Each structure stands twice: as structure tokens, then as C-alpha cells.
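Working notes for the structure below.
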Protein chains: 2
Amino acid sequence: MTDISKKKATIYDLSILSGASPSTVSAVLNGSWRKRRIKEATAQLIQKLANEHGYKANLQARGLRSSRSGLVGLLLPVHDNRYFSSMAQSFEAQVRSRGQCPLVVSACRDPEEERQVVETLISYSIDELFIAGATDPDGVHKVCEKAGLKHVNIDLPGTLAPSIISDNYEGARMLTQAIIERAQEDGPLSPDDLYLFGGRNDHASHERIRGFRDVKRALLGADPDICIQPTGYSPAMTARAFEAFYEGHGKLPRAFFVNSSINLEGLMRFLALHPHETFADIIVGCYDYDPFGSFLPFPVFMIRQDSEAMITRGFAILDADRGPAITHLVQPTLVPPRTALIGPLDALKDIE
Amino acid sequence: MTDISKKKATIYDLSILSGASPSTVSAVLNGSWRKRRIKEATAQLIQKLANEHGYKANLQARGLRSSRSGLVGLLLPVHDNRYFSSMAQSFEAQVRSRGQCPLVVSACRDPEEERQVVETLISYSIDELFIAGATDPDGVHKVCEKAGLKHVNIDLPGTLAPSIISDNYEGARMLTQAIIERAQEDGPLSPDDLYLFGGRNDHASHERIRGFRDVKRALLGADPDICIQPTGYSPAMTARAFEAFYEGHGKLPRAFFVNSSINLEGLMRFLALHPHETFADIIVGCYDYDPFGSFLPFPVFMIRQDSEAMITRGFAILDADRGPAITHLVQPTLVPPRTALIGPLDALKDIE
DNA sequence: CTTTTTTGCACAATCGATGGTGCAATAACT
DNA sequence: AGTTATTGCACCATCGATTGTGCAAAAAAG
């Protein structure tokens, strides 16, 4: 603080200033000094000097020596999405509170990129890795395994490492039931009136589709395959699917289940091209929560996945060290239309 | 790849395997081998061995020696917001395409936290830093300065380093004009019918408020102070401001300008407590773009800030090395209601 | 067949911290 | 006073790369 020197102070500088050896300085500054039986007075002197000179340990050097970096990684498919960005937010908070440094990266749902990004993180000797929504969790697992890196899967399960995911089946059941009941308030609902858009060949989509179909069959008696319209996690493809349906039927289905908020963005693209009065009576369910998505001009039921709880569980599992490769389910909650939930931002103090 | 050894290979391992010295191996693997006049055959042998053993440089060691890490930091106020998360998304892409590793962190709009987080990043020897939306850019600047870290401000300007920000004044003018014109379609608008909610004591808010007031005065002839309601960047506080207005007037203002999407979330919280029919005729302008925010059940004009361009400019400035501490303006665009823009996600390939 | 030049590489110091080991000086016991 | 225990710290190897320097061997020049 007081000091104006250009270069960053090292333990060697403090060693000279204090008259102690570098190893003593190191011990004092990394907290191991009691164990090393350093005199209290010596420690205080060194700490005083360190403060005066704004000493900060070089974490690359420390990491090199100790082969730990204090970095904890979170691998996301994308940032630009409320589900994942709020996961990033909770992740950061939890990592920081453990005295480590969060490293959030995205890999664009590309299996090869996922592995490469993780290789890079490993080159920085990260200590732990959360693999969220990976397209190929087991591929990433192998990379981690080889490097001895502790890791868990979040959101999409793997078979080789512990996984913490939403209870997609139950969530989809809740959501499907909610939109059916709501749609039936406007009159009887035929199986052809209820569609599902979005999702692809991943575990979450499968489970959600399974939940959707089970409830639909139970409540509406039938479940034609045509009502399932996978589009990938792409707004553009989803918009195309809505457009195609619209061209064929002159309207949208009375009610539909949208696999994620990313797919819901596809619906927005479709809506932008059509006057909204035309679709004033649709009922939508979206497997994801977005505060604005909840207030669209038609009823939108949403599912809020508890990413904060998943991260917490993830740390618990990593701390417990080498848990079995089982899948832990976290319950999501059904969010009725027009609901503004509080989120991680509310934890922030914000002065006016 | 082929290799099954437990530990990561180092240049020393490859040195033994190839019969070359560690320095030769190093030179081959970091690309400086031509400069060092290493025989082509030697280089190829070493590269082959490196591939076979899945060699990856230890970046902490490299960073320690060269005092560069290949890490580029982006300091955000928060993740959980479309503006900043899409900034993170473009940032990542650009950093990766430059062969570096992105490090995105948030500091919760807390000046002390901002400085500490940056100190931590510096301890990892990051090479460059983008300071986005910092509460105290100049405080952060000083920390960077002392460490000789190249940096630029994004979104909120500082006085000591180059800054790249939205043209908030022009953006606010466009937005204000758009909502006034739209509101006047429903009949004459009095100055008391047009409010501004959100924002606080930062440069962006000041400029937006200035733009708002200038246009309002020009078009509506007056601009009572009461119509400016700063709430900070907090959904909860913003909701309270709407609630207070509603209690006093039995309705919301006919038209209003919301300072950011975070404040717009405050409007959602208010709306959740009231039947939306009551507010079917409000006209809203929001300084930020959110794809779902654009489709609320009343007209929402939005401003899309070009975060991608800001990042690009930022790199240009950093590459030009030590630009003057001037402020560069990036033009935002006005987004009419019910518009679904494509975003960084559309760059992703997504197989069905 | 020398002398000079070029080629190809090895050596060793260094970045800044960590942690095992060993050795004085002091304190505690006979 | 002589012996043993304890305290307090210094020394040094080490983590894995980078890079300036130097020196043989090979090639080119004379």
C-alpha cells in the first residue's frame, strides 16, 4: 500500500527487508508458520512488511510448486442464458466463499471443444471441475481422469462420474399436467392440441419427453408421435418448427411444452413475424425459468431448476472425495405464469 | 493419446525419450525451434513423441517463467443478466480465437470486491483485463497500473484508462423519443405521464437521464424532477418504486423509461402482484435488450447495446498499446417491440 | 589441409513459491 | 555442570518451463 515500487514484492524481497530467510517468509505468509514453529514476533514483523509493500503471493509459482492452483472450473454450454448464467452466479459465490477462484468457460455444446477446453483448464492445474450441460460428459470425464482431476457432472449426467441433475421426469410431469389443466379450462383438449417442441438426443430431453408423454397419455388418452418436435437447442431451428406447424395448420397448437428457454427464444422469433392477437389463447409450458418469459402475453408455466442446490451438492460430493458414479436428482419447481422469482442478484447489496 | 501413463508428461520426460535436451524439447514445443536452429528431423521426432504421450505444457510453469499466463480477464458486475452474459459470450469467443484463455469473473458492483477480485487475477499473472460496468473503474485502474497490467474499461468509463461505452445519451434520446411517439398515438401525453425508473449515481445513468430529460423537455415542454426515480440496480428497489407510485396514483405512468433490464425485472415483480389487465395500456422503454422482455403484454421499446463491438474495440485498443485515456462511444440500436434479435448463440452449430 | 562460418544443440540460471531436513541456541531437567 | 528437549529458523532441492550463452561438429571458403 505505502510502497511505490514498480515491481511486485516477492518473498525474497521481504526476506531481505526482514532479515529472515525466504522459507520463513513463505511460511508466515501462507499461514503454515505455527506448524513451522516461527516466533510470533517474527511473524508479525513479516506480516507488517508484507502489508506495507502490498505483497501478494504469485499464484502461478505457488501452483507450480504445490500442483494446485486454487482455481475451480465450471464448464458451461453457453453463457447467454438465464439458467446457465445464474448457475455461474451461484458458482462464483460458492467458490469465492471457499477461498478459491472461479473459472467459468463455455464450450458451445461441441464435444471436441469441450475436451479441448478442459485440457486447457488442466494445463492451468485447476483443482476441481464442474461439468455442466456437457454434450459428452464421459468424454470429458476421461480427460479429467487421466489428469487426476476431481469432477462432477451437473445438469446432464455421465456414467463415469457422479452427476447432479434436475429431476427432469418429474419436472416434465408437473409442467405437462399444469398446461393441460390450464388448457382444459378453455374447453376439452384433444391429444392433437398438445405438442412438445425442442430438445434433442440428450438425457434431459429424453426424460422430459418421457414425462410429457406419460402425463399426456394418462390425461388425454393418446399421444401421437407427431406431437413431439425435437429441434435441438437452437432458437433458429425451433422457430422453423413453429413456422412449419403454422403453415400446415394456420395456427399454433393450443398448448405446448417447450424444452428450454433457448427453444422459447425460437418461439419469440416466430411471434415476431406474426401479429400476437392471433396467438392470444395459447398455453405454454417452458422447461426453464426466465423472469421475462413468465410475463409473456399468454400463460407461460415454467420450471425453475435449482442450480444453486446443484452446485452445493456438487461441492459436497467433491469434498466427500471419490463418490460413486451415481446420479443425484434435485427437484425443480413449477412456476405459475406471471411470477417474478428472486434470484442470486438479490443477494447483492446495492446502494442507491 | 496412445500413452497410458498416470502422470502428465513434461519436457524432461520427452527429453529422455528423444535423447535431446530439455531446452531443445521446450523450443520445439513452443514453436521457437526455427529461431533456435533446431534440425527439422529433431523437431519432428519430438513432436511425434509429444503427440504420442499427450504432452501438454504446464501453463503455470510457463507463466511463471515468462510472467505471462495467456489468461485474459473480464470483470463483470453480475453474470445473471442478458447484457453481461452475452458480453461474456462474445468475450470468450474473441479471446479463444486469439489463442488465449478467458477468465470471466463478477464483483457484484462492490468497489472493494472489484479491487480484490482484480488483485486475485493479477496474482495469476493475467495478461490483459476488461473492466466492464465497474462501480469504481479508477480504483481498479490503480490496482492494474501498479501491476503493469494492460486494461480497458467497458460500459462504464474511467478517467485513467481508455474506455469503450455505449452512447448512452443518444441511446436514451432514441428510446425516449420512441416511447413518446408511441404513447401519443393513444392521445396527448402530459409531462406527468412520462417517468424514468432505475439507475443510480453512475455515468451511464447520468447520460441516460440527461438524454431522457432533453428529449422530454423538447417534445413535451416540461420535465418535473419528480418524474425521475432512481432506484439503483436492484429489482427489489425498483419494484418498490413502482409500488409507491401505484399507491399514490392508482395506476402506473402511461409511459416510462426503465434504466436497465435489471430494473425491468423490478417491474415484473410489481406486475406479479397486480392483474395485468390494469396495465394493458402502458408504454415501456428499457435501456437494454432482452429477447423475452421484448414480448411482454404491452409495448416495450428496448435499446440493444453492442457488447460484441465493445469487446472488439477493446482488443484493438489494447493491441495498439497504451492508448490515451479517452472514451470511445459505440452506438446502440433501438429495438421496436416484439423483436427477436439473433445473438451470439446463433454462431453455434447445433446438430439436431 | 587449414581457417572461417554455419549449424545444431546442450548447459545452466531463472521465475517465486513450498516443505523436508538439519543445526544452532536456548530452556528444562538431572 | 552436563545432558536432553525444545524452539526458531536457515538451507536447499523442487515444481516445469524459458532463454541467453557457449561450444563442438559439420560445412564452406581459401
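Please read these numbers as outputs of a predicted model, since none were measured by experiment. Proteins get letters first, then strands, A, B, ... in listed order; numbering begins at 1 in each.
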Worksheet item: Any idea which heavy atoms bring A:N153 and A:A161 closest together, and the distance?
Response: ND2-O, 3.7 Å
Worksheet item: Do B:I154 and B:I165 pass the side-chain contact (heavy atoms from CB on, under 4.5 Å) test, and can you show the C-alpha distance, the side-chain angles, and the key distance before you say yes or no?
Response: CA-CA 6 Å; B:I154 306 280; B:I165 65 173; over 6 Å; no
Response to the item:
Checking B:E113, B:E112, B:E119 against B:R115 for salt bridge (charged side-chain N to carboxylate O under 4.0 Å, His left out), the one that qualifies is B:E112
Worksheet entry | Side chain to side chain, B:S85 and A:N81, heavy atoms closer than 4.5 Å | no
Worksheet, complete the sentence: Per-nt protein contacts along nucleotides 8-16 of chain C (heavy atom under 4.0 Å; B base, S backbone sugar-phosphate only, - none) come out as BBBBBBBBB
Discussion item. Distance check, rounded to the nearest 0.5 Å: A:D319 atom CG versus A:R98 atom CZ?
Written reply: 4.5 Å
Discussion item. Does B:S26 reach a base, just sugar-phosphate, or nothing at all? Heavy atoms under 4.0 Å.
Written reply: base
Worksheet item: A:L29 CG to C:dG19 C1': how many Å, rounded?
Response: 15 Å
Item to complete: Return yes if some donor-acceptor pair links the side-chain N/O of A:S66 with the main-chain N/O of A:R62 below 3.5 Å, else return no.
Response: yes
Practice prompt. State whether A:K150 and A:E145 are salt-bridged, where the test is any N-O pair (Lys NZ or Arg NE/NH1/NH2 against Asp/Glu carboxylate O) under 4.0 Å.
Written response: no
Worksheet entry | Sidechain-backbone polar pair: A:T120 side chain, A:Q116 backbone, donor-acceptor under 3.5 Å | yes
Practice prompt. Decide side-chain contact (heavy atoms from CB on, under 4.5 Å) for A:V104 and A:L76; before the verdict, give the C-alpha distance in whole Å, the side-chain angles of both, and the deciding distance to 0.1 Å.
Written response: CA-CA 7 Å; A:V104 183; A:L76 297 178; 3.7 Å; yes
Item to complete: Give me the ring orientation class for A:F91 and A:F315: parallel if the planes are under 30° apart, tilted from 30 to 60°, perpendicular past 60°.
Response: parallel
Fill in: First-last contacting nucleotides on DNA chain D - partner chain B, under 4.0 angstrom, heavy atom
D:dG16 to D:dT21
Discussion item. Quick check on the helix from C:dC1-D:dG30 to C:dT30-D:dA1: what's the angle between its two end axes, five base pairs per end, to the nearest 10°?
Written reply: 50°
